[in-house]
Amino acid sequence: MKLASWNVNSLRVRLPHVLDWLGSARPSVLGIQETKLTDDKFPSSELQAAGYHVVFAGQPTYNGVALLVDASIFQAPSDIQVNNPLFPDDQIRLVTATLTPVAQGVAIRVICAYVPNGSEVGSDKYAYKLRWLDALAVWVRAEAQRHPALAVMGDFNIAPEDRDVHDPEAWREKVLCSSAERERLQTLCACGLTDAFRLAEQPANLYSWWDYREAAFRRNRGLRIDLILLSQALANACRGSGIDTAPRKLERPSDHAPVWVECALG
DNA sequence: ATGTCTCAGGGACTGAGA
């Protein structure tokens with residue numbers, strides 16, 4: 001079973017890239033962020049034709065999240081939850097579902113998250129980001145107790161450690177890297193979750209996001225801000241993880257690359 | 001390099017968000 005997450009920065013623009021990647025990488029579950037689509041415009045038929053169940057929640061212009069679920073592996077998603085029930089929010093940044101295998105095996109709970117960017121340390125948007133993360137941790141703690149096999153994946157807009165940053169000194173205490181943000185991520189992980197990327201050795205300087213400006217991708221001036229957090233039960237079943245930079249090299253790419261983990265589906 | 005990309009409004013370009 002392969003779980004993956006990708007901030008596509010407009011699913012309308014990026015649908016061809018997503019369909020190509022579904023075909024080549026064949027993720028069992030793909031969490032998508034920044035669909036930037038209202039629900040009436042979601043490309044359900046194209047994605048269903050590729051063999052995926054679709055769960056989506058969008059709004060005009062900004063944000064929006066979705067889950068694509070391989071219909072040959074999982075039944076139709078159930079217990080769907082949009083946003084955090086503990087945090088009333090005009091912005092749609094979370095979609096959650098329970099996925100039950102078609103064959104034998106345990107159901108998994110998957111949370112797809114688009115964490116607020118935060119704009120700049122000290123700004124109103126930054127304060128909203130911290131409040132949003134505080135509320136997420138409270139809710140995820142409850143979800144983890146209800147669902148032993150839990151994955152929380154998405155664009156966290158937080159680089160967990162300095163080794164996830166191309167130039168840690170330039171980013172010191174800047175948004176995406178500040179101590180307060182990293183502490184929120186640690187609190188979230190204290191719910192019993194592990195950053196799957198660090199379960200095994202990884203190449204140095206492997207990132208998931210590069211600014212469109214300054215030729216950042218060509219110079220590999222990136223950050224690893226897209227994460228897949230696994231509960232103990234799933235972490236024990238993890239067989240590998242990585243970041244696929246190939247889609248970032250295409251014409252008109254998203255600024256993010258898809259991240260993935262492989263788990264033995266028990 | 002204030003360097004790019006996407007979206008809405010409006011019907012060419014500007015501003016916001018990232």
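Chain identifiers are assigned alphabetically (A, B, ...) following the order of the sequence lines, protein sequences preceding nucleic acid strands; residue numbering begins at 1 within each chain.
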I'd like the [atom1] distance from [M] over to [N], given in whole Å.
N: B:dG15; M: B:dT2; atom1: C1'; result: 14 Å
N: B:dT6; M: B:dG11; atom1: P; result: 23 Å
N: B:dA16; M: B:dG3; atom1: P; result: 15 Å
N: B:dA12; M: B:dG17; atom1: P; result: 25 Å

- Result for side chain to side chain contact (heavy atoms under 4.5 Å, CB included) between A:Leu150 and one of A:Leu230, A:Leu234, A:Leu193 points to A:Leu193

If the cut-off is 4.0 Å, is [X] near the phosphate of [N], judged by side-chain N/O to OP1 or OP2?
X: A:Arg14; N: B:dC5; answer: no
X: A:Thr61; N: B:dG17; answer: no
X: A:Arg252; N: B:dT4; answer: no

- Message: Taking atom CD as the centre, does A:Gln91 end up with more than 12 heavy-atom neighbours from other residues, nucleotides or ligands that are less than 6.0 angstrom away?
- Response: yes

Could you tell me the separation between the [atom1] atom of [X] and the [atom2] atom of [N], rounded to a whole number of Å?
X: A:Glu214; N: B:dA1; atom1: CD; atom2: P; value: 10 Å
X: A:Asn9; N: B:dT4; atom1: CG; atom2: P; value: 15 Å
X: A:Arg12; N: B:dC5; atom1: CZ; atom2: C1'; value: 12 Å
X: A:Lys129; N: B:dA18; atom1: NZ; atom2: P; value: 10 Å
X: A:Gln59; N: B:dG17; atom1: CD; atom2: P; value: 13 Å
X: A:Phe217; N: B:dA18; atom1: CZ; atom2: P; value: 23 Å
X: A:Lys41; N: B:dT6; atom1: NZ; atom2: C1'; value: 15 Å
X: A:Trp209; N: B:dG17; atom1: CH2; atom2: C1'; value: 13 Å

- Message: Between A:Gly118 and A:Asp211, which residue's closest nucleotide on DNA chain B lies nearer the 5′ terminus?
- Response: A:Asp211

- Take A:Thr35 and A:Asn63, find for each the nucleotide of DNA chain B with the closest heavy atom, and name the residue whose nucleotide sits nearer the 5' end. A:Thr35

- Task: Measure from the side-chain heavy atoms of A:Tyr212 and tell me the nearest of B:dC7, B:dT4, B:dA18.
- Result: B:dT4

- Taking the side chain of A:Val13 as heavy atoms from C-beta outward, which of B:dA16, B:dG3, B:dT6 is closest to it? B:dT6

- Aromatic rings A:Tyr128 and A:Phe87: how do their planes relate, parallel, tilted or perpendicular, breaks at 30° and 60°? tilted

- Message: Between A:Asp162 and A:Arg172, is the salt bridge (Lys or Arg N to Asp or Glu O under 4.0 Å) condition met? List the steps.
- Response: CA-CA 9 Å; A:Asp162 280 355; A:Arg172 185 75 59 210; 2.9 Å; yes

- Message: Does A:Arg224 qualify as a cation-pi partner of A:Tyr207, given the criterion of NZ or CZ under 6.0 Å from the six-membered ring centre and within 45 degrees of its axis?
- Response: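 So A:Arg224 doesn't make the cation-pi contact.
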
